[in-house]
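One structure is given here, and the rest of the page talks about it.
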Amino acid sequence: MIRARFAPSPTGYLHIGSARTFIFNWLYTRKHHGTMVLRIDDTDIDRNTSASLQSIYDGLNWLGLGWDEFYRQSERLDLHRQLAYDLLAKGLAYRDFTPASADLEDKPRGEGPWLCNPEMRGLSREESDRRAAAGEPFVIRFRVDRDPGYEVAFQDEVYGAQSKLTADIEDFALLRSNTMPTYHLASCADDIDLRITHIIRGQDHLSNTFKHILLFQAAGAPIPRFAHLPLLIAPDGSKLSKRRHGPVVSVTTYRDYGFLPLGYINFLCLLGWSPKDNREQMTLYELESAFSFEGVNRSNAVVNFSDSDPIDPKALWLNSQHLRSIGVAALAPLVRQSLAENGLQPYRDEDFFKHVVDTIRTRFSTLVDFSTKGRAYFSDDFDIDPKAQEKLDVPGARELLHELAERIAANPEFTEASVERDLRKLADERGVKAGVLINASRAALTGQPVGPSAFAVFTCIGRERVIQRLRKV
RNA sequence: GGCGCUAUCGUCUAACGGUUAGGACGGAGCCCUCUCAAGGCUCAAAUAGGGGUUCGAUUCCCCUUAGCGCUACCA
């Protein structure tokens, strides 16, 4: 039984790189009928905020994939401490009484890495116990094997064979002097307790994995499989950060921009992973069946945004593909919600609403487009685009539109075909090209110079409003 | 500095050592057409550099360069 976890720390919003990690974990567990664990890694009490936790939920809920089990590390601190003390008792860890403030001075850089403080590492058990009992603060450190030539090795599902000399690994901290577990301790203790079989996470943890394996071994626990994912980076090669790159790093930005969850999921999947058969637009099920670590790349992927355009053009393209291909029944509620968020209450009945959505969606790329470019379909209060205005300003166009209004009013039939007949007949009688009247009609009815076939527009606006808008022009 | 990882069109990527180095986005153009999209077709665009190994390297090895990560009582 496969068990994987997504373990964000609530110190910011849900980062798009984290979202992708979540998605890959989800895809993998779903594909193998495993269990997806969501674990909030909140052991850094100074940096955690509830707003951040909320934003993580918001992002995850928007993606809509869900999870099977949920834990918060802050509620499991005793478990973490237990492991630290077990290791201490076994001599696999030791107390370091060096004051935290002196850390930087005690760890000179430049010549080589800081590995440990031999004096503390060599403290006798009696001495260590005595000082602890006397109330002296300490940090518990893992006692890394110092035998030259001893190495930790593992087979990463993505990066292949990995190994590192333990001589190059420092005696990392497990339990802080304030008794809070460090990330390494909490993470491994929980992974053991939750029986995690696959750790799928960002490549920034690749080097940490050696420490984690040491911990798993010391705890006598089975070592999970590891799959590290290449990072998502900015066009300049730097890592995505809120301070430098702004909202492009937060998933909620894409939600607010009008992305379909599936459109964005699909986009994220294609960053650092490929089905290797040239497919791009894929359904969730297709992604699930195609996903494998073999398809995961090893080099970082650039999210292609710029100052002038905060959205990666490929993301937009993929979203538009999904927008026009998912079932109308699934799309309609999303459009309705988006319209409502923009203060528009579509007045159509459900079937008619779906018909309209289906007609206009092929030239939109986000949900928000329905409220902007598509505003006239859902409200009488819309602006006339300057280019649309030009089509109305063609000499004689207004008179023709007024006349068209009367002909439609006089014709009890109102279908694409009947309107087309009325319009072409009128154009013919007045000796103007049908195109002029067609384009002017679209401009008058929607305020837009572009859009679906004009006759389809007529039926989408509805007979009454068509007559109204044509007369008013 | 030490350790680890990575390197194919502008971007995302494909290519059991043998391909005119493929696809997609974006760009340019053509067709279609009531507009704009969509769709169809065409064009421009890449193996970081240097050494090896090999009959033959995008592919394997080494070096250089560049980028990223870890090197915290952050995660």
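All chains are named by letter (A, B, ...) in the order of the sequence lines, taking the proteins before the strands, and each is independently numbered beginning at 1.
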Any donor-acceptor pair under 3.5 Å joining the side chain of [X] to the base of [N]?
X      : N      : value
A/K314 : B/rC12 : yes
A/R442 : B/rC36 : no
A/S207 : B/rC3  : no

With both distances under 3.5 Å as the test, what is the Watson-Crick or G-U wobble partner of [N]?
N      : answer
B/rC5  : B/rG67
B/rA37 : none
B/rU20 : none
B/rA46 : none
B/rG10 : B/rC25
B/rA15 : none
B/rA72 : none

Evaluate the side-chain proximity of [Y] to [X]: yes if any heavy-atom separation is below 4.5 Å, no if none is.
X      : Y      : value
A/Y377 : A/T446 : yes
A/L240 : A/F305 : yes
A/L331 : A/L260 : yes

[N] to [M] separation - [atom1] atoms, rounded to the nearest Å:
N      : M      : atom1 : value
B/rA44 : B/rG51 : P     : 30 Å
B/rA46 : B/rU19 : C1'   : 15 Å
B/rA37 : B/rA45 : P     : 26 Å
B/rU6  : B/rG40 : P     : 38 Å
B/rC16 : B/rA21 : P     : 15 Å
B/rU11 : B/rG50 : C1'   : 28 Å
B/rC68 : B/rC30 : P     : 42 Å
B/rG56 : B/rG52 : C1'   : 15 Å

Does the separation of the ring centres of A/F154 and A/H212 fall below 6.0 angstrom?
-> no
A/Y71 ring centre to A/R76 NZ or CZ under 6.0 Å, with the angle to the axis within 45°?
-> yes
Whole Å only: how far is the [atom1] atom of [X] from the [atom2] atom of [N]?
X      : N      : atom1 : atom2 : result
A/I233 : B/rU11 : CD1   : C1'   : 11 Å
A/F97  : B/rC73 : CZ    : P     : 16 Å
A/R363 : B/rA38 : CZ    : P     : 10 Å
A/Y183 : B/rA75 : OH    : P     : 9 Å
A/N297 : B/rU58 : CG    : P     : 19 Å
A/D312 : B/rA24 : CG    : P     : 17 Å

Would you say [N] has OP1 or OP2 under 4.0 Å from some side-chain N or O of [X]?
X      : N      : answer
A/R141 : B/rC73 : yes
A/Q162 : B/rC5  : yes
A/S299 : B/rG67 : no

Closest nucleotide among [options] to the [X] side chain:
X      : options                : value
A/K164 : B/rC73, B/rA75, B/rC3  : B/rC3
A/L231 : B/rC12, B/rU35, B/rC68 : B/rC68
A/K276 : B/rA75, B/rC5, B/rA15  : B/rA15

RNA chain B: 5'-proximal contact among A/D168 and A/A434 (nearest heavy atom) = A/D168
Please tell me which of A/E170 and A/G451 maps to the more 5' nucleotide of RNA chain B, matching each residue to the nucleotide holding its nearest heavy atom.
-> A/G451
Can you check nucleotides 17-22 of chain B for protein contacts, nitrogen or oxygen pairs under 3.5 Å, and list what you find?
residue	atom	partner	partner atom	Å
B/rG22	N2	A/N278	OD1	3.2

Residues 266-273 of chain A side chain polar contacts: donor-acceptor under 3.5 Å, at least two apart:
residue	atom	partner	partner atom	Å
A/N266	OD1	A/M282	N	2.9
A/N266	OD1	A/H322	NE2	3.3
A/N266	ND2	A/E280	O	3.0

Which of parallel (below 30°), tilted (30 to 60°) and perpendicular (above 60°) describes A/H15 and A/Y13?
-> parallel
Return yes if a side-chain donor-acceptor contact under 3.5 Å exists between A/T209 and A/H228, otherwise no.
-> yes
Is it the case that A/D41 and A/Q73 place a side-chain donor and acceptor less than 3.5 Å from each other?
-> yes
Considering the options A/R143, A/K211, A/R141, A/R146, which one meets the side-chain hydrogen bond (donor to acceptor under 3.5 Å, both in side chains) requirement together with A/D171?
-> A/R146
